[in-house]
Asks: 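Please see the structure below; I have some questions.
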There are 2 protein chains.
Amino acid sequence: MTKKDQDSIQEKILAYMESNGLRITNQRRAIVEAAFSTTDHYTAEELLDSARKIDPSVSRATVYRTLPVLVQTGLLRELDLGRDQQVYDPNYATHPNHNHLICVDCQKIIEFEDYCLDVRESVLAKNLGFRPGVVKLRIEGSCEELAKTGSCSKRLVH
Amino acid sequence: MTKKDQDSIQEKILAYMESNGLRITNQRRAIVEAAFSTTDHYTAEELLDSARKIDPSVSRATVYRTLPVLVQTGLLRELDLGRDQQVYDPNYATHPNHNHLICVDCQKIIEFEDYCLDVRESVLAKNLGFRPGVVKLRIEGSCEELAKTGSCSKRLVH
DNA sequence: CTTTATGCAAAGGGTTTGCAACAAA
DNA sequence: TTTGTTGCAAACCCTTTGCATAAAG
């Protein structure tokens with residue numbers, strides 16, 4: 001993802017806020033910048049840390065109040081990984097249809113895309129009387145390549 | 001799902017417990033029976049309620065302590081629907097590869113299976129160096145049929 | 001008997017919220 | 001100004017846990 005891509009995403013979010021009557025504050029600007037300046041997944045707490053590096057006045061409450069707005073734009077997504085903290089994925093902004101492969105051994109997450117899967121999912125949903133929207137696919141498994149070579153060569157996002 | 005299916009599932013769970021050195025208590029028996037006597041999804045609290053109808057001495061703590069055991073057997077699964085309470089799905093015992101279609105309007109959940117999807121997912125995982133395990137696919141959308149007719153005819157589980 | 005399980009109630013911990021002070025527009 | 005936003009800290013609420021008692025084997 002280039003710097004220009006990042007800027008464009010951030011502008012989209014700020015425009016969304018403006019057009020929804022939300023005010024553009026320094027704190028929100030910092031949170032948006034922090035949210036889309038990385039391709040790593042993060043928790044609310046981690047986003048708070050990175051936003052504070054941009055504007056130290058950002059509070060935890062504001063992060064928790066801003067996250068739902070970012071999710072509403074569709075450019076950020078919750079990962080619903082399980083029990084503990086919610087994890088956020090900023091890569092939907094550049095890869096709207098990516099999926100996740102999770103290693104049950106090392107917990108590493110690999111992102112991938114597949115057009116065939118997208119088409120089949122869409123057809124199935126329509127056959128069941130649905131107009132499909134957000135699709136969340138997560139495959140858990142053992143990462144053999146990771147076990148052998150120490151890394152996965154097929155990752156979409158590094 | 002027949003009564004015989006239910007009994008067989010419950011026996012499998014109890015056998016799993018026994019072979020793992022866990023004791024077969026009345027409370028656990030009640031929880032297991034409650035967990036697999038329905039095809040509806042449920043929360044821990046709802047499971048507590050139904051287990052108490054079988055054995056009123058069941059406590060919330062025991063339900064929370066027993067649920068992870070049921071999940072370990074692979075016959076019950078957490079749905080990871082989002083923020084609030086965890087939701088459990090007992091239908092993996094009879095339909096190990098089913099997926100979920102969720103209506104964003106009415107929140108109704110429809111279960112479906114598709115062999116093509118299963119195969120493609122498996123191939124993709126292997127190509128990425130993974131030995132695939134649990135697959136979780138959730139499609140959110142608007143249920144047109146539901147909107148028109150008041151119900152969905154294509155549901156796997158009623 | 002020995003060991004594991006239970007119920008109770010308190011503690012945990014991520015997320016939400018009430019409120020007075022504060023900034024956008 | 002007017003109205004939405006912020007930070008703080010307390011409240012929430014689901015889930016986990018410590019402990020004395022009870023029951024399985």
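Computed over heavy atoms, backbone and side chain alike; hydrogens, waters and symmetry mates excluded. The sequence lines fix the lettering, A, B, ..., with proteins before strands; numbering per chain opens at 1.
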Asks: Tell me: CZ of B/R60 to C1' of D/dT17, nearest whole Å?
Replies: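 Atom CZ in B/R60 sits about 15 Å away from atom C1' in D/dT17.
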Asks: Mind jotting down which residue pairs meet the salt bridge (charged side-chain N to carboxylate O under 4.0 Å, His left out) criterion with at least one end in residues 42-52 of chain B? Sequence neighbours excluded, please.
Replies: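 Only B/E45-B/R60 qualify under salt bridge (charged side-chain N to carboxylate O under 4.0 Å, His left out).
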Asks: Tell me the interatomic distance from A/I31, atom CD1, to D/dT6, atom C1', rounded to whole angstroms.
Replies: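 Whole-Å distance recorded here is 10 Å.
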Asks: What integer distance in Å separates B/Y88:OH from D/dC14:P?
Replies: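 From B/Y88 OH to D/dC14 P: 13 Å.
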Asks: Using a heavy-atom cut-off of 4.0 Å across all strands, would you classify B/E45 as base, sugar-phosphate, or nothing?
Replies: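 No contact.
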Asks: Grab the N/O contacts between the protein and nucleotides 18-25 of chain D below 3.5 Å, and write none if there aren't any.
Replies:
from	atom 1	to	atom 2	distance (Å)
D/dG18	O6	B/R65	NH1	3.4
D/dA24	N3	B/R23	NH1	2.9
D/dG25	OP1	B/I24	N	3.4

Asks: If I take atom CZ in residue A/R29 and atom C1' in nucleotide D/dT6, what distance separates them, rounded to the nearest angstrom?
Replies: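 Those two atoms, CZ and C1', are 15 Å apart.
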Asks: If a pair satisfies salt bridge (charged side-chain N to carboxylate O under 4.0 Å, His left out) and one of its residues is in residues 7-16 of chain B, list it, with sequence neighbours excluded.
Replies: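 Passing the test, one end in residues 7-16 of chain B: B/K3-B/D7.
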Asks: To the nearest angstrom, how far is B/D80 atom CG from D/dT15 atom P?
Replies: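 For the pair B/D80 CG and D/dT15 P, the rounded distance is 12 Å.
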Asks: For the residue pair B/L70 and B/A35, what are the closest heavy atoms and their distance?
Replies: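 Heavy atoms only, the tightest pair is CD1-CB, 3.8 Å.
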Asks: Roughly, in whole Å, what's the span from CD in A/Q85 to P in D/dT15?
Replies: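 These atoms are roughly 16 Å apart.
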Asks: Just compare D/dT15, D/dT5, C/dT15 and give me whichever is closest to any side-chain atom of A/R28.
Replies: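 Output: D/dT5.
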Asks: Hey, which of these two, A/Y64 or B/G21, hits DNA chain C nearer its 5' end, going by closest nucleotide?
Replies: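 The 5'-side residue here is B/G21.
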Asks: Are the side chains of B/V32 and B/Y16 in touch, meaning some heavy atoms are under 4.5 Å apart?
Replies: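 The answer is no, as the side chains (C-beta and beyond) never meet within the 4.5 Å cut-off.
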Asks: What's in the same ILVMFWY side-chain cluster as A/Y115, cut-off under 4.5 Å, chained through other members?
Replies: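 Traced through the cluster, A/Y115 reaches A/V119, A/V123.
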Asks: A/N20 CG to D/dT3 P: how many Å, rounded?
Replies: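 My rounded result for the distance is 19 Å.
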Asks: Distance check needed: C/dG14 C1' versus A/D49 CG, whole Å only.
Replies: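 In whole Å, C/dG14 C1' and A/D49 CG are 15 Å from each other.
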Asks: According to ring-ring contact (aromatic ring centres under 6.0 Å, His included), does anything in residues 40-63 of chain B pair up with another residue at least two apart or in another chain? List the pairs.
Replies: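 As it turns out, the ring-ring contact (aromatic ring centres under 6.0 Å, His included) pairs with a partner in residues 40-63 of chain B, which skip direct neighbours, are B/H41-B/H100.
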Asks: Tell me the salt bridge (charged side-chain N to carboxylate O under 4.0 Å, His left out) pairs involving residues 19-30 of chain B, sequence neighbours left out?
Replies: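 Residue pairs with at least one partner in residues 19-30 of chain B: there are none.
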